[in-house]
Amino acid sequence: MTPDVPVTAACALTARSIRQRIGAANAFLRATPDWHPLPQAGSSNRLYRSRLRGQSWVLRLNASSDIAFGVDREKEAQILASIQDYSWAPQIRHNPWQEGWCLMADHGQSPSPQGDVDPTTDLLRAVNQWQQITRGPGIDYGQLLDQYRRVLNAQPDGLAGTLLARLSAGFEALPGVRDCLTHHDLHWGNLCQDSSSLTGEPNLVVLDWEYAAIGTPWFDAASLCHHFAATPAQIAAL
C-alpha cells in the first residue's frame, strides 16, 4: 500500500516523488507493506514504519538538500556501511541514496530524559568505540561555515548570524585533538533502546548519521555534556 500523504513545504517532496520512492522500496522488498507515517518532529525527512515477514522496518524518504542543509548522502552511506558491525549502529537493509530513500531495521522508541532508563553509560561506550575510527570521509568546517554564512546573510534576522559568528570564534579556540568519527547531532531523539536484541537486554542504537564525518570529537563532547549531563571526567576518559 502506498499512502496518500499531503505535501508540505517542510518536506519539499511532491506526492509523485513520495509514491515513486515508496514504490521503489516495495519493489526491492517484493511486497506491498502497509507503510504508516511516523511523527516528523526533529526530522526533515519523511519516515514510515511497516511490518513484513516478522520484521519491523523503517523507510526514510530523504529531504532535499535545500531542506537538509549540509547533508552529503553519499558520505552518509559510506559511514553507515563502515559501522554496520557495531551494535550501536542502525542496521541498514538497502540505501540507494541516489534515489532518495533508505530502508533500515526498526530499532524501537527513543528513551525519554524523564524515563527510568539512563542511556548515558551505553552511549559513552559507543562514542568511545566510534572515536577509534579515524579513516573515512572527512568534513571541511570552514567551507561548511561559509555555506551557512552565505545563507544567513540573506536573512533579515541577525540573531542567527550572530550565533554563527560566536560558533566560528569558539571553534577556533578549541584545543587541537585527533580527528575521528564524529556524529555531530547527538540528542535524545537520535537514540533508540532496541528490545529485539538476542540477549534480551535493551540495546542502545544511535540513529541519524546524516551529518557524521571524520572530524573533531569536541562536537560530540559538547552534546554529551549538554543533553546527557556527562561529567568532565567522563569526557576526559574518551
Side-chain angles (χ1 to χ4, degrees), residues 11-13 17 20-22 24-25 27-29 42-48 55 57-107 110 122-148 171 176-187 189-192 194 203-224 238:
C11 70
L13 292 175
S17 66
Q20 287 176 335
R21 296 181 194 192
I22 291 178
F28 172 79
L29 291 167
S43 176
S44 55
N45 306 303
R46 282 195 172 274
L47 303 173
Y48 299 87
Q55 172 73 51
W57 299 100
V58 169
L59 174 63
R60 185 188 77 188
L61 307 187
N62 300 337
S64 59
S65 58
D66 59 331
I67 299 297
F69 188 73
V71 172
D72 185 325
R73 299 294 180 186
E74 182 176 13
K75 180 186 296 183
E76 180 200 21
Q78 292 172 2
I79 289 174
L80 285 171
S82 72
I83 62 176
Q84 286 301 286
D85 291 338
Y86 292 93
S87 63
W88 40 260
Q91 297 306 297
I92 306 301
R93 176 70 184 277
H94 193 47
N95 185 17
W97 58 270
Q98 304 94 327
E99 299 176 18
W101 59 277
C102 179
L103 182 66
M104 65 194 83
D106 179 8
H107 293 293
S110 297
D122 289 340
L123 179 57
L124 286 167
R125 187 180 301 114
V127 173
N128 187 58
Q129 287 185 352
W130 76 56
Q131 286 186 348
Q132 309 308 310
I133 301 174
T134 58
R135 294 185 178 181
I139 183 171
D140 185 332
Y141 291 110
Q143 182 182 62
L144 183 60
L145 288 172
D146 285 341
Q147 290 177 352
Y148 275 100
F171 183 78
V177 291
R178 181 186 67 168
D179 284 353
C180 60
L181 181 59
T182 303
H183 186 277
H184 289 120
D185 194 22
L186 286 179
H187 58 77
N190 280 338
L191 305 184
C192 283
D194 192 341
N203 177 62
L204 180 73
V205 176
V206 182
L207 304 177
D208 195 358
W209 292 81
E210 291 179 303
Y211 297 97
I214 302 299
T216 176
W218 285 117
F219 280 95
D220 287 354
S223 294
L224 289 169
L238 294 174

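For this chain, numbers begin at 1 and follow the sequence in order.
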- prompt: Can any side-chain N or O of His183 pair as donor or acceptor with the backbone N or O of Val206 at less than 3.5 Å?
  reply: no
- prompt: Between Leu238 and Leu224, is any pair of side-chain heavy atoms under 4.5 Å apart?
  reply: yes
statement: Of all heavy-atom pairs linking His107 and Ala89, the shortest is NE2-O, 4.3 Å
- line: In short, Pro90 meets Leu80 closest at the heavy-atom pair CG-CD2, 3.9 Å
Set of residues satisfying side-chain hydrogen bond (donor to acceptor under 3.5 Å, both in side chains) with respect to Tyr141, sequence neighbours excluded: His184
query: What's the shortest heavy-atom distance between Leu207 and Cys192, and which atoms?
result: CD1-SG, 3.4 Å
- line: In terms of heavy-atom contacts, Ser44 and Ala63 come closest through O-CB, 3.0 Å
statement: Closest non-hydrogen contact found for Gly100 with Arg21 is O-NH1, 3.0 Å
task: May I ask you to decide if Ala212's main-chain N or O and Lys75's side chain share a donor-acceptor pair within less than 3.5 Å?
output: no
query: Does the side chain of Trp130 reach to within under 4.5 Å of the side chain of Trp88, using non-hydrogen atoms?
result: yes
message: Measuring from atom CD1 of Ile133 to atom CG of Asp179, what distance do you get when rounded to the nearest 0.5 angstrom?
response: 14.0 Å
query: Could Glu99 and Arg60 be called an ion pair, given the rule that one side-chain N must be under 4.0 Å from one carboxylate O?
result: no
query: Is the shortest heavy-atom distance from the side chain of Leu29 to the side chain of Arg93 under 4.5 Å?
result: yes
message: Donor-acceptor pair, distance only, cut-off 3.5 Å: does the side chain of Thr182 make one with the backbone of Gly215?
response: yes
query: Atom CD in Gln84, atom CD1 in Ile79: separation rounded to 0.5 Å?
result: 12.0 Å
Heavy atoms of other groups near Trp97 CH2, more than 12 under 6.0 Å: yes
query: If you measure from OG on Ser82 to CZ on Arg135, what distance do you get to the nearest 0.5 Å?
result: 12.5 Å
- request: Measure centre to centre between the rings of Trp101 and Trp57, then say whether the value is under 6.0 Å.
  value: no
query: So do Ile214 and Leu181 actually touch side chain to side chain, heavy atoms under 4.5 Å?
result: yes
query: Less than 4.5 Å apart, any side-chain heavy atom of Leu13 and any of Ser64?
result: no
query: CG of Asn95 to CG of Leu103: how many Å apart, nearest 0.5 Å?
result: 9.5 Å
field: From Asp106 atom CG to Asp194 atom CG, the distance as rounded to the nearest 0.5 Å
entry: 8.0 Å
- request: Could you tell me the separation between the CG atom of Leu59 and the NE2 atom of His94, rounded to the nearest 0.5 Å?
  value: 11.0 Å
query: If every non-hydrogen atom of Pro217 is compared with every non-hydrogen atom of Cys180, which pair is closest and at what distance?
result: CB-SG, 3.8 Å
query: Of Asp122, Asp208, Leu204, which is the lone residue that meets side-chain contact (heavy atoms from CB on, under 4.5 Å) with Leu191?
result: Leu204
Close side-chain approach of Val127 to Leu123, heavy-atom, < 4.5 Å: yes
query: Do Glu210 and Asp185 have side-chain heavy atoms sitting under 4.5 Å apart?
result: no
query: Taking side chain as C-beta onward, heavy atoms only, is Phe219 less than 4.5 Å from Phe171?
result: yes
- prompt: Is Asn62 reaching over with its side chain to a backbone N or O of Cys102, donor-acceptor style, under 3.5 angstrom?
  reply: no
